[in-house]
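Read through the structure below, which is laid out as structure tokens, and then see the notes.
This chain uses plain numbering: 1 for the first residue, then up along the sequence. First listed ligand is number 1; within each ligand, the first listed atom is number 1. Atoms considered below: every heavy atom in the structure, side chains included; atoms not considered: hydrogens, waters and symmetry mates.
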Amino acid sequence: MSGIFGVVSEKDCVEDLFFGTDYHSHLGTMFGGLDVLDGDHNRRIHSLANEQFRSKFSDFYKNVSGKKGMGVISDYEAQPLIFDTSFGKFSIAHVGKVSNLDSLVEDVKSNNGHFLGMSGGDKNPAELMGILINQGKDYVDGIQIAQEQIRGSSSMMLLADEGIYLARDKFGRTPIVVGKKDGAMAATLETTAFLNQGFEVEKNLGPGEIGILTEKGYEQLKKPEDKSAICSFLWVYYGYPSSDYLGINVEDMRNKSGGFLARIDKEEGLEVDLVAGIPDSGTAHAIGFAEGGGYRYGRPFVKYTPTWPRSFMPQDQSMRNLVAQKKLLPIKAKIEGKKILFCEDSIVRGTQLRDNIKMLYDEYGAKEVHMRPACPPLIHSCEFLNFSRSKSVMDLAGRKAIARLEGRREYDLEVYADENSEPHASMVDEIRKDIGLTSLRYQKMGDMVSAIGLPKKDLCTYCWDGKGKCGGCD
Ligand code: SF4
């Protein structure tokens with residue numbers, strides 16, 4: 001994932017821009033970028049690999065001024081990039097993933113185009129987007145050309161003299177929300193960025209909608225499409241608890257989801273001493289579980305946040321494991337001799353979890369450890385966002401379990417996605433045994449969808465059941 005924020009103001013906009021962009025820091029760790037228009041573009045990009053956005057950009061915040069600006073926290077490429085075209089000079093920042101990057105790059109090169117690229121030889125997806133937009137006769141035409149050609153997803157902002165062009169992904173995979181306050185307009189992925197800055201939500205852009213933000217307001221330039229496939233994982237895991245997507249709050253969804261998860265355990269009379277969340281995103285699911293099932297909520301783990309503040313840390317997996325292990329602190333008094341049920345946003349690879357569970361039994365004396373992930377088992381890789389926690393689909397705990405059960409690489413995945421099938425039950429039990437849990441029950445797809453509150457056809461659920469590629473077409 002990545003995050004974008006833009007603001008247009010009658011006064012200087014840099015304070016709103018600086019903090020508005022910073023409120024997207026949980027969505028990426030590779031690059032941060034700001035661009036402020038004050039006659040010309042004043043653009044800065046920094047690596048965030050070893051330092052946080054606010055400290056990297058504090059000089060920019062103190063020394064730059066202007067009335068229009070755009071910022072990005074990126075988990076992959078350096079952004080925003082500046083383009084000077086026949087219809088104007090603009091900078092571009094986007095959220096998403098271009099899964100057909102290589103073939104589009106070859107198309108551009110075969111038409112005598114060229115790329116600056118990135119270090120390591122990769123091509124910068126934001127650069128490709130700028131090149132594709134430049135093929136249009138104006139901004140709206142160019143954005144549509146880019147969005148038609150891109151496989152994957154892209155929601156973007158373009159900062160230009162006349163304002164900030166906003167274009168939501170054609171299936172609405174990620175949100176863009178417009179906000180307003182006296183004398184200023186802003187656009188954001190996370191509405192959290194509005195809360196302490198005085199912006200009120202004015203509008204959620206529809207899928208494929210294009211518009212322009214000026215200090216006078218938002219003007220729609222292209223109507224939305226009727227097919228939606230917004231990412232369900234925004235509510236389950238990615239999103240910040242205080243954010244709303246399409247008016248649906250993240251914390252509220254997680255509480256409801258936990259409540260739904262608790263129903264079967266309550267009916268079956270499961271007895272545990274404590275219900276807990278794996279911090280941070282498991283916490284809200286656990287609160288909902290405890291409230292819904294009538295269980296006691298507690299914190300057998302706390303997170304050391306003063307120096308390990310973010311959940312997405314380095315891109316390197318071994319370093320991420322180390323950070324995850326150092327960050328989570330067990331509280332023996334809450335664990336020893338106890339039957340504990342954990343809620344977790346999801347089980348991705350399961351390796352870190354297995355180590356934590358072993359530690360709970362061996363070093364801290366847990367009696368039973370039950371796990372309730374807030375979504376079904378992940379069996380597909382995300383093709384639409386840079387879901388950076390798993391590099392290969394075969395790393396997923398679900399796929400590893402299936403591979404062990406099948407003993408071959410070719411099999412029917414659909415049957416494993418069917419929650420009522422025997423193979424699905426075998427896969428879940430295989431994951432349970434591998435991680436070392438007393439019991440494991442995943443959230444049902446229908447309950448996850450109900451907790452979000454949108455029709456399933458409007459959601460992307462691809463990573464669980466392979467559905468939602470193109471907004472209800474499957
Ligand atoms: S595949 Fe999963 S993570 Fe990717 S957009 Fe769809 S729901 Fe979100």
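- Residues passing the ring-ring contact (aromatic ring centres under 6.0 Å, His included) test with Phe171, sequence neighbours excluded: none.
- A distance of 6.0 Å or more separates the ring centres of His46 and Phe31.
- The shortest separation from a heavy atom of Ser232 to ligand 1 is under 4.0 Å, placing the residue in contact.
- Against a heavy-atom cut-off of under 4.0 Å, Leu385 is close to the following atoms of ligand 1: 5 (S).
- Contact annotation: for Arg173 versus ligand 1, heavy atoms closer than 4.0 Å belong to the side chain alone.
- At most 12 non-hydrogen atoms from other residues, nucleotides or ligands lie less than 6.0 angstrom from NZ of Lys469.
- Ring to ring, Phe90 and Tyr165 are not that close: their centroids are 6.0 angstrom or more apart.
- Close approach of ligand 1 to Cys231 (heavy-atom distance below 4.0 Å) involves ligand atoms 3 (S), 5 (S), 7 (S), 8 (Fe).
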